[in-house]
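A quick write-up on the structure given underneath.
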Amino acid sequence: MALPRSILQGPDTMRSMTCTRGTTSARPAAGPASLTRLCTCHLAPHHRELTVTKRVLAGAAATVLSFGAFAFQPALADLNKFEADAGGEFNVGTAAQYGEAELRGKDFSGQDLRRSNFTSADARNANFKGSKLQGAYFIKAVTANANFENADLSDVLFDRAVLNGANLKNANLSRTIFTRTDFGGAIITGADFTNALVDKSQQIAMCRYADGTNAETGVDTRSSLGCGSRRKFREASPSSSEGPQVTESQKKDFVQSMPVYRR
């Protein structure tokens, strides 16, 4: 007689099946259903024992994990404090750490802040005039009405940032990423957007009033934005080989500003 597949599982099941085989074979009229019931009856104690064992093991594992978390908590706290004090890649060299900081009205004019972190910082009305901010992070930063006049903002990440009313006059914005960033009311006279990544809606809005030429790069603002040229705007990107590339002296200067983690 063929046995149901559901009861042919594990050594306990096989032992119970052996005990039941002689009984059920003597009553062939009972059929597979009776065999299933008998096997189920014999298997019930084993199932209860396995269930109790699993519960005991689960409780023991939870106790061990709780004790481990409690025992190692001071060590983790020390490690977190060390990492916070070290600042990771920031607070080393020119890379300052201002993540989520309150910077409203703060004066950063003329400072070297390359690769610094301003993620989620509130920098409304802050003064960055003439600052070096190449490679900095302004992700979700609020820089409404901030002054970036003559600042080097090349290769910066302004993802989901607020630049409403900001002064970007003569700022170098080459290869900077402005995804989902709002320029509403921003002053862009003489700003160089060469190979910058700007949302189409923002580009169209700024082309309505863009003017001037960047005093440092000599690039026309409207031309750098791709105003009036759909092809030029489509081809412009931070990786485009058509626009001005980073010079060797700029690369060397940037590398020298990077922190040294190993000697």
Side-chain angles (χ1 to χ4, degrees), residues 88-90 94-100 103 108 112-124 126 128 131-144 146-188 190-207 210 214 216-217 219 221-227 229-247 250-251 253-255 257-258:
E89 65 178 293
F90 303 107
T94 64
Q97 174 63 278
Y98 292 106
E100 299 184 353
L103 304 174
F108 294 99
D112 190 349
L113 298 166
R114 285 171 290 180
R115 304 182 333 279
S116 292
N117 182 32
F118 293 91
T119 298
S120 298
D122 186 353
R124 286 175 282 184
F128 294 94
S131 296
K132 295 181 180 179
L133 292 160
Q134 183 184 15
Y137 301 90
F138 281 87
I139 305 169
K140 294 184 178 180
V142 180
T143 56
N147 185 8
F148 291 102
E149 184 176 351
N150 297 322
D152 183 359
L153 289 165
S154 58
D155 304 295
V156 172
L157 179 57
F158 267 102
D159 180 57
R160 292 164 290 173
V162 178
L163 281 167
N164 297 74
N167 181 7
L168 298 170
K169 184 177 180 180
N170 283 318
N172 185 355
L173 310 172
S174 300
R175 301 172 302 277
T176 293
I177 297 176
F178 293 104
T179 48
R180 298 180 64 184
T181 294
D182 192 353
F183 287 90
I187 301 172
I188 59 172
D192 184 357
F193 286 90
T194 300
N195 291 343
L197 186 61
V198 183
D199 291 345
K200 183 65 175 179
S201 58
Q202 297 294 316
Q203 182 251 359
I204 293 174
M206 288 190 289
C207 280
N214 189 277
E216 180 182 355
T217 64
V219 176
T221 300
R222 292 185 59 81
S223 177
S224 66
L225 274 171
C227 299
S229 174
R230 181 178 301 178
R231 180 185 63 81
K232 185 174 182 180
F233 177 79
R234 184 171 62 250
E235 293 177 352
S237 69
S239 60
S240 175
S241 60
E242 300 297 325
Q245 303 301 302
V246 179
T247 64
Q250 288 177 319
K251 291 180 182 179
D253 189 38
F254 186 75
V255 170
S257 70
M258 297 179 67

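For this chain, numbers begin at 1 and follow the sequence in order.
Scanning for side-chain contact (heavy atoms from CB on, under 4.5 Å) contacts around Asn147 gives Asn127, Lys129, Glu149, Asn167, with sequence neighbours left out. Legend: residues meeting salt bridge (charged side-chain N to carboxylate O under 4.0 Å, His left out) with Asp122, ordered by chain and number and at least two apart, are Arg104, Arg124. For the side-chain hydrogen bond (donor to acceptor under 3.5 Å, both in side chains) test, no residue two or more places apart in sequence or in another chain qualifies with Ser120.
Counted by atom type alone, Asp199 and Ser201 present zero donor-acceptor pairs between their side chains at under 3.5 Å.
In this structure, the side chain of Thr94 engages the main chain of Arg114 through a donor-acceptor pair within 3.5 Å. One N or O on the side chain of Ser116 and one on the backbone of Ala96 form a donor-acceptor pair closer than 3.5 Å. In this structure, Thr119 contributes its side chain and Phe138 its backbone to no donor-acceptor pair below 3.5 Å. When atom types are taken as modelled, the side chain of Arg180 and the backbone of Asp159 share no donor-acceptor pair closer than 3.5 angstrom. Listed for the Asn214 side chain is a donor-acceptor partner under 3.5 Å among the backbone atoms of Ala171. Side-chain atoms of Ser131 do not come within 3.5 Å of backbone N or O of Ala151 as any donor-acceptor pair.
In this structure, Ala146 and Ala123 approach most closely via the heavy-atom pair CB-O, 3.8 Å. Heavy atoms only, all atoms of each residue included: Val156 and Gly135 are closest at CG2-N, 3.9 Å. Nearest approach of Ala95 to Arg115, heavy atoms of both residues: CB-NH2, 3.5 Å. The two residues Gln203 and Val198 come nearest to each other via the heavy atoms N-CG1, 3.9 Å.
Using a 30° and 60° split on the angle between ring planes, Phe108 and Tyr98 fall in the perpendicular class, above 60°. Relative orientation of the Phe128 and Phe118 rings is perpendicular, given thresholds of 30° and 60° on the angle between their planes.
The shortest distance between side-chain heavy atoms of Phe193 and Met206 falls below 4.5 Å. No side-chain heavy atom of Ser174 sits less than 4.5 Å from a side-chain heavy atom of Asn195. Between Leu173 and Phe158 the shortest side-chain heavy-atom distance does not fall below 4.5 Å. No side-chain heavy atom of Asn170 sits under 4.5 Å from any side-chain heavy atom of Glu216. You'll find the side chain of Leu133 reaches within 4.5 Å of the side chain of Phe148, heavy atoms only.
Here the CG-CG distance, from Asp192 to Asn172, works out to 5.5 Å after rounding to the nearest 0.5 Å. Within the model, atoms CG of Asp112 and CD of Gln134 stand 9.5 Å from one another, a figure rounded to the nearest 0.5 Å. Expressed to the nearest 0.5 Å, how far CG of Leu163 lies from CG of Asp182 amounts to 8.0 Å.
For Lys132 and Asp152, the salt-bridge test fails: no basic side-chain N is under 4.0 Å from an acidic carboxylate O.
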